[in-house]
Amino acid sequence: RCLKPLKHLPLNPNPRPGKLFFLTQTGTSKALAQRLLDLLSSKNNIPFDLVDPHTYEPEDLPKESLIIIIASTWEDGNPPQNSKFFVNWLADISTDFRAGNLLLSDCKFAVFGVGSRLYGDTFNAVARDLGKRLRGLGATEMVPVGEGDVDGGELESVFEGWSEKVVTVLKGGLVMENENGIVYESDVESLESDDDDDGEGGGEDIVDLEDIAGKGPSRKKSVNVAETNGKLDGKREMVTPVIRANLEKQGYKIIGSHSGVKICRWTKSQLRGRGGCYKHSFYGIESHRCMEATPSLACANKCVFCWRHHTNPVGKSWQWKMDDPLEIVNTAIDLHTKMIKQTKGVPGVTQERLMEGLSPRHCALSLVGEPIMYPEINALVDELHRRRISTFLVTNAQFPEKIKMLKPVTQLYVSVDAATKDSLKAIDRPLFGDFWERFIDSLKALKEKHQRTVYRLTLVKGWNTEDVDAYSKLFVLGKPDFVEIKGVTYCGSSATSKLTMENVPWHSDVRAFSEALALKSEGEYEVACEHAHSCCVLLAKTEKFKVNGQWHTWIDYEKFHGLVALGRPFDSEDYMALTPSWAVYGAEEGGFDPDQSRYKKERHHKSKR
């Protein structure tokens with residue numbers, strides 16, 4: 001066979017340090033670049049400068065002899081904000097005939113991409129394009145473009161392997177090339193050191209270069225599925241060690257391989273007699289007896305206001321090991337009650353409320369992720385109802401078929417985060433290409449449900465607070481019983497979100513938006529309740545829930561469980577209950593239960609909201 005000869009890629013003869021660029025949006029690429037810098041400079045004495053492309057003049061690239069780029073791919077295959085000028089300059093110069101294909105002929109480079117395979121064709125598009133542009137300008141590629149998948153659970157190992165190859169080349173390691181790629185000295189040595197399969201036919205079993213490149217029979221040992229955590233048959237665990245560590249740091253209790261539970265601050269608040277959440281005001285739940293959980297930590301969106309800062313996994317379909325629904329419910333209740341017990345002795349927690357809290361009566365299936373993705377969601381809901389635990393399930397409007405197949409729950413929510421296709425894409429950052437069609441079909445599926453249904457709107461000032469007309473047009477699609485309108489909660493700074501406190505609306509803003517939306521419905525909906533502390537307002541269907549001038553937005557939970565047990569069809573009116581006067585919109589209590597003790601923290605800000 002005709003092969004290219006072995007050759008060396010020597011160390012940089014120029015005393016000018018190499019440049020290690022990080023193109024980052026969330027900080028992942030920068031963190032990887034810093035790790036590589038330590039490997040190069042501290043451990044191998046190969047000088048490199050860590051460079052933010054935002055502060056670099058691209059016209060200096062022809063002066064460089066060594067370039068390494070760690071590049072993230074952001075929305076729609078675009079580069080991160082800190083690198084747009086750098087990437088655009090390379091794209092422009094690579095197509096400029098005046099630059100020619102030798103502009104970077106004295107430069108050697110390597111590129112590693114950070115992206116998500118779930119985004120299909122745009123997976124690591126920026127890294128691939130950078131490699132193409134640099135090759136087109138005459139630069140020599142030291143190693144092929146590395147491709148890390150942040151949602152595949154193998155980013156760390158892929159980056160480590162790629163980094164080792166970069167170091168091997170920079171230290172003068174041998175490299176063999178053919179038309180299919182590059183093979184490194186370390187790979188050749190490992191192949192040569194392999195024992196023959198059966199110790200016979202030695203000469204005939206020699207592996208040549210084409211075999212190494214993937215054209216000949218593999219010499220790799222067979223892989224045991226159990227040894228790879230079931231990855232070959234789609235049974236890998238959803239929660240990787242890194243994801244688990246991040247979520248546990250935030251106070252989550254992980255159940256099995258894909259579920260979670262966490263105690264809500266309003267649960268602790270009502271245990272202390274300091275007030276319940278908006279669901280207490282709107283629907284009469286006992287906040288201190290509510291368990292917040294999810295059977296699927298994974299989600300199909302990466303919303304800008306995600307209060308988990310995208311530390312949970314993402315996916316478009318169920319591709320993980322699946323735990324038993326009974327085991328999930330048992331473990332969730334066990335972990336929840338252990339967290340309740342920890343409040344014993346806390347000021348305000350009475351023995352009576354503590355004992356009530358140890359017997360949960362409500363489950364908010366809205367902790368994080370997309371609960372409806374869990375294939376056994378119906379069995380899980382049945383088990384909760386069997387224990388007379390009500391269910392408040394939230395779905396992100398990307399799985400309409402799952403909504404259709406869902407058994408009756410106490411109250412079913414669909415998140416309506418935006419009213420137009422463009423704004424939904426900008427706010428939810430969905431994985432699905434047909435996200436808008438899925439969103440519309442999810443709203444239509446809601447219309448066929450007979451139990452209580454809710455549109456859940458999160459207002460983000462500057463993003464979706466001006467879309468009153470567009471939102472009102474969505475009402476006809478799903479005909480929800482209720483519309484919850486809540487101001488976005490600011491969860492601190494995050495590299496994954498551009499939101500600041502300026503995007504958080506005042507309660508007066510939410511009230512004004514709600515009144516305008518009710519007006520657009522021409523009487524079909526009215527403003528029924530509010531919870532000022534949560535910056536939340538409720539619209540309700542007038543014809544259904546306003547009886548003799550009085551609102552009936554609360555739930556008769558015992559009657560609901562009785563209806564479920566009968567197994568016959570029933571409607572949302574069959575288990576409604578009278579709303580107390582203090583929860584009604586415009587009441588002086590602002591939705592705060594007068595049986596609770598109002599507690600206000602002392603604040604020392606220069607300005608108060």
Item to check | Heavy-atom closest pair, residues C290 and T267 | outcome: O-OG1, 3.4 Å
Item to check | Worked check of side chain to side chain donor-acceptor pair (under 3.5 Å) between H54 and Q81 | outcome: CA-CA 9 Å; H54 183 68; Q81 193 66 36; over 6 Å; no
Item to check | F432 ring center within less than 6.0 Å of F399 ring center | outcome: yes
Checklist entry - Can you find a pair of side-chain heavy atoms, one from Q411 and one from Y283, that are under 4.5 Å apart? => result yes
Checklist entry - Just wondering, do V483 and V416 contact through their side chains at under 4.5 Å, heavy atoms? => result no
Checklist entry - Closest heavy-atom contact between G148 and N124? => result O-ND2, 3.3 Å
Item to check | Side-chain donor or acceptor of Y455 paired with backbone N/O of G478 under 3.5 Å | outcome: yes
Next on the checklist: Quick one about T395 and E370 (side-chain donor to acceptor, distance below 3.5 Å, no hydrogens or angles considered), yes or no?
Outcome noted: yes
Item to check | Pair T579-Q550, side chain to side chain donor-acceptor pair (under 3.5 Å): steps then yes or no | outcome: CA-CA 8 Å; T579 309; Q550 292 185 302; over 6 Å; no
Next on the checklist: So W74 and T26, do their side chains get closer than 4.5 Å, heavy atoms only?
Outcome noted: yes
Item to check | Check against salt bridge (Lys or Arg N to Asp or Glu O under 4.0 Å), E448 and K404 | outcome: CA-CA 8 Å; E448 304 305 316; K404 294 175 183 177; over 6 Å; no
Checklist entry - With a 4.5 Å limit on heavy-atom distance, are the side chains of T410 and Q451 in contact? => result no
Item to check | Any residue meeting salt bridge (charged side-chain N to carboxylate O under 4.0 Å, His left out) with D571, in chain and number order, not counting sequence neighbours | outcome: none
Item to check | Inter-residue atom distance T542.OG1 - Y525.OH, 0.5 Å rounding | outcome: 9.0 Å
For residues 85-94, run the donor-acceptor check on the side chains, cut-off 3.5 Å, and write out each pair with its distance to 0.1 Å, sequence neighbours left out.
from, atom 1, to, atom 2, distance (Å)
N88, ND2, K84, O, 3.1
S94, OG, L90, O, 3.1
S94, OG, A91, O, 2.9
S94, OG, R133, NH1, 3.2

Checklist entry - When you measure from the side chain of K546 to the backbone N and O of E526, does any donor-acceptor pair fall under 3.5 Å? => result no
Checklist entry - Are any of the side-chain nitrogens in K479 or E524 under 4.0 Å away from the carboxylate oxygens of its partner? => result yes
Item to check | Over all atoms of both residues, closest heavy-atom pair of G77 and A125 | outcome: O-CB, 4.1 Å
Next on the checklist: Would R598 and F592 count as a cation-pi pair here, with the cationic atom under 6.0 angstrom from the ring centre and within 45° of the axis?
Outcome noted: yes
Next on the checklist: Surrounding NZ of K316 (heavy atoms of other residues, nucleotides or ligands, distance under 6.0 Å), is the total greater than 12?
Outcome noted: yes
Item to check | Value rounded to 0.5 Å, distance of OG in S390 from NZ in K279 | outcome: 10.0 Å
Checklist outcome for this item: Nearest heavy-atom approach of P360 to M291 is CB-CB, 4.4 Å
Checklist entry - Below 6.0 angstrom between ring centroids: does that apply to H385 and F560? => result yes
Checklist entry - So, are D469 and K520 salt-bridged, with charged N and O less than 4.0 Å apart? => result yes
Checklist entry - From E292 CD over to L365 CG, what is the distance, rounded to the nearest 0.5 angstrom? => result 10.0 Å
Checklist entry - Which distance, rounded to the nearest 0.5 Å, do you find between the CG of N82 and the CZ of F22? => result 6.5 Å
Next on the checklist: Any heavy-atom pair between the side chains of V537 and R511 that's under 4.5 Å?
Outcome noted: yes
Checklist entry - Does atom CG of D121 have more than 12 heavy-atom neighbours, drawn from other residues, nucleotides or ligands, at distances under 6.0 Å? => result no
Next on the checklist: Using modelled atom types and a 3.5 Å cut-off, is there a donor and acceptor pairing between side-chain atoms of T391 and backbone atoms of V381?
Outcome noted: no
Next on the checklist: Could you go through T420 and Y471, starting from their C-alpha distance and side-chain angles, then the distance that decides it, and tell me whether this counts as side chain to side chain contact (heavy atoms under 4.5 Å, CB included)?
Outcome noted: CA-CA 8 Å; T420 65; Y471 273 117; over 6 Å; no
Next on the checklist: Quick check on K461: does its NZ atom have over 12 non-hydrogen neighbours (other residues, nucleotides or ligands) under 6.0 Å away?
Outcome noted: yes
Checklist entry - If you look at every heavy atom in V394 and P371, which pair is closest and at what distance? => result O-CD, 3.4 Å
Item to check | Side-chain donor-acceptor contact under 3.5 Å, T24 with S72 | outcome: no
Next on the checklist: Would you say the rings of H362 and W266 are close, in the sense that their centroids are separated by under 6.0 Å?
Outcome noted: no
Checklist entry - Can the ring centres of H258 and W318 be said to be less than 6.0 Å apart? => result yes
Next on the checklist: Under a 3.5 Å distance rule, please check whether S514 uses its side chain to pair with a backbone N or O of V510 as donor and acceptor.
Outcome noted: yes
Item to check | Side chain to side chain, S281 and W582, heavy atoms closer than 4.5 Å | outcome: yes
Item to check | Separation between CD of E401 and CD1 of I403, rounded to the nearest 0.5 Å | outcome: 9.5 Å
Item to check | Donor-acceptor pair, side chain of R456 and main chain of S415, under 3.5 angstrom | outcome: no
Checklist entry - Got V114 and T73 here, is their nearest side-chain heavy-atom distance under 4.5 Å? => result no
Next on the checklist: Determine whether S572 and K544 satisfy the following criterion, side chain to side chain donor-acceptor pair (under 3.5 Å), listing intermediate values before the conclusion.
Outcome noted: CA-CA 9 Å; S572 54; K544 262 190 180 184; 3.0 Å; yes
Checklist entry - If you round to the nearest 0.5 Å, how far is CD of E484 from CZ of F482? => result 9.5 Å
Item to check | S259 backbone acceptor or donor facing Y374 side chain under 3.5 Å | outcome: no
Item to check | Whether Y413 and F392 hold their rings parallel, tilted or perpendicular, with breakpoints at 30° and 60° | outcome: tilted
Next on the checklist: Looking at K449, I'd like to know if its NZ atom is crowded, meaning that more than 12 non-hydrogen atoms belonging to other residues, nucleotides or ligands lie closer than 6.0 Å.
Outcome noted: yes
Checklist outcome for this item: For V126 and A71, the nearest pair of non-hydrogen atoms, with its separation, is CG1-CB, 4.1 Å
Item to check | Derivation and outcome, side chain to side chain contact (heavy atoms under 4.5 Å, CB included), residues Y585 and E515 | outcome: CA-CA 11 Å; Y585 187 72; E515 290 171 2; 2.6 Å; yes
Item to check | Sidechain-backbone polar pair: D509 side chain, W506 backbone, donor-acceptor under 3.5 Å | outcome: yes
Next on the checklist: Strictly distance-based, threshold 3.5 Å: is any side-chain N or O of D417 a donor or acceptor partner for the main-chain N or O of D428?
Outcome noted: no
Next on the checklist: Quick one, F21 and L23 - any side-chain contact, counting heavy atoms below 4.5 Å?
Outcome noted: yes
Checklist entry - Counting N and O atoms only, with roles assigned by atom type, does the side chain of D149 sit under 3.5 Å from a partner on the main chain of R117, one being a donor and the other an acceptor? => result yes
Next on the checklist: Evaluate L517 against L457 for side chain to side chain contact (heavy atoms under 4.5 Å, CB included), listing each step before the verdict.
Outcome noted: CA-CA 11 Å; L517 199 54; L457 279 60; 4.0 Å; yes
Next on the checklist: Could you check whether atom NZ of K30 has more than 12 heavy atoms from other residues, nucleotides or ligands sitting under 6.0 Å from it?
Outcome noted: no
Checklist entry - Counting heavy atoms not belonging to K132, are there more than 12 under 6.0 Å from its NZ? => result no
Item to check | ring-ring contact (aromatic ring centres under 6.0 Å, His included) assessment of Y278 paired with F282 | outcome: CA-CA 6 Å; Y278 76 88; F282 294 177; 5.4 Å; yes
